[in-house]
Amino acid sequence: EEAVGSSERLVQDAGRLAERIETAYQLAAGNLRGLPVYNADLDFAIVGPRRCAEGWIGVAITPWCMNLFLVTDGVTQRREGMQRDVEFPSGQYRFTVAYLQDMPPLEVCSLFSPMNEFQDMESAVAVASEALRALLTSDTLAEAPREPRRVSRRGLFRPSPVMRTG
């Protein structure tokens with residue numbers, strides 16, 4: 001019963017976090033509306049967030065960008081713009097400390113900017129969901145240990161060598 005309570009709290013925490021991040025991005029939108037980078041066909045959405053070894057990971061979708069976001073306890077000691085590489089099952093990714101209004105600092109990793117490639121929210125959410133799934137999934141077979149590979153943000157969407165089509 002205690003495990004059920006803690007999982008419910010985790011879901012509530014994730015929901016509250018998603019709501020806060022989405023609201024912070026909405027507040028930032030005021031300066032961007034009307035600019036070419038702003039895709040008026042899109043809205044705001046948060047995919048995830050999910051617990052990971054680093055804290056909370058998710059994807060923020062806005063009319064001007066799609067970012068992985070990472071919320072950790074230690075980020076408050078970092079200056080805006082500081083970067084660090086973070087290891088996930090699929091590889092290593094560079095995150096940058098960012099500050100959004102009414103939010104503690106978080107770390108972001110750009111997936112798309114601008115969002116001109118997306119015609120609607122359905123496709124943006126599908127891509128964000130797949131990016132998050134791919135980030136948290138190792139595509140390596142059970143082999144001898146090897147050096148971690150660096151994967152570009154766009155590399156998330158390329159088929160891995162072990163994937164077969166047809």
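Computed from a predicted model, the values in this text were never measured in an experiment. In this chain, residues are counted from 1 in sequence order.
- Qualifying side-chain contact (heavy atoms from CB on, under 4.5 Å) partners for D120, counting only residues two or more places apart in sequence or in other chains: E122, S123.
- You'll find the side chain of V108 stays beyond 4.5 Å of the side chain of L68, heavy atoms only.
- Shown here are the side-chain contact (heavy atoms from CB on, under 4.5 Å) partners of Q26, two or more places apart in sequence or in another chain: E22, T23, F44.
- Listed by chain and residue number, E54, E107 satisfy the side chain to side chain donor-acceptor pair (under 3.5 Å) test with R84 (two or more places apart in sequence, or in another chain).
- Nearest heavy atoms, C52 versus L70: SG-CD1, 3.9 Å.
- In this structure T96 satisfies the side chain to side chain donor-acceptor pair (under 3.5 Å) test together with Q83, sequence neighbours excluded.
- Between L132 atom CG and E130 atom CD the span is 9.5 Å, to the nearest 0.5 Å.
- Minimum heavy-atom separation, L106 to M103: CD2-CE, 4.0 Å.
- Judged by distance alone, with hydrogens and angles left aside, the side-chain atoms of S90 form a donor-acceptor pair with the main-chain N or O of L135 at under 3.5 Å.
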message: Please determine whether salt bridge (Lys or Arg N to Asp or Glu O under 4.0 Å) holds for the pair E19 and R16, giving the CA-CA distance in whole Å, both sets of side-chain angles, and the decisive distance to 0.1 Å.
response: CA-CA 5 Å; E19 187 177 295; R16 281 194 293 271; over 6 Å; no
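- Scanning for side-chain contact (heavy atoms from CB on, under 4.5 Å) contacts around M82 gives R78, R79, V97, with sequence neighbours left out.
- You'll find the ring centres of F118 and F112 inside the 6.0 Å limit.
- Annotation: side chain of F88 is not in contact with side chain of S138 (no heavy-atom distance under 4.5 Å).
- Residues passing the side-chain contact (heavy atoms from CB on, under 4.5 Å) test with S129, sequence neighbours excluded: V47, V125.
- Scanning all heavy atoms of the two residues, the minimum distance from L100 to A24 falls at CB-CB, 3.6 Å.
- Proximity of a side-chain donor or acceptor of R20 to a complementary backbone N or O of D102 within less than 3.5 Å is detected.
- Looking only at distances, a side-chain donor or acceptor of N39 sits under 3.5 Å from a matching main-chain atom of M115.
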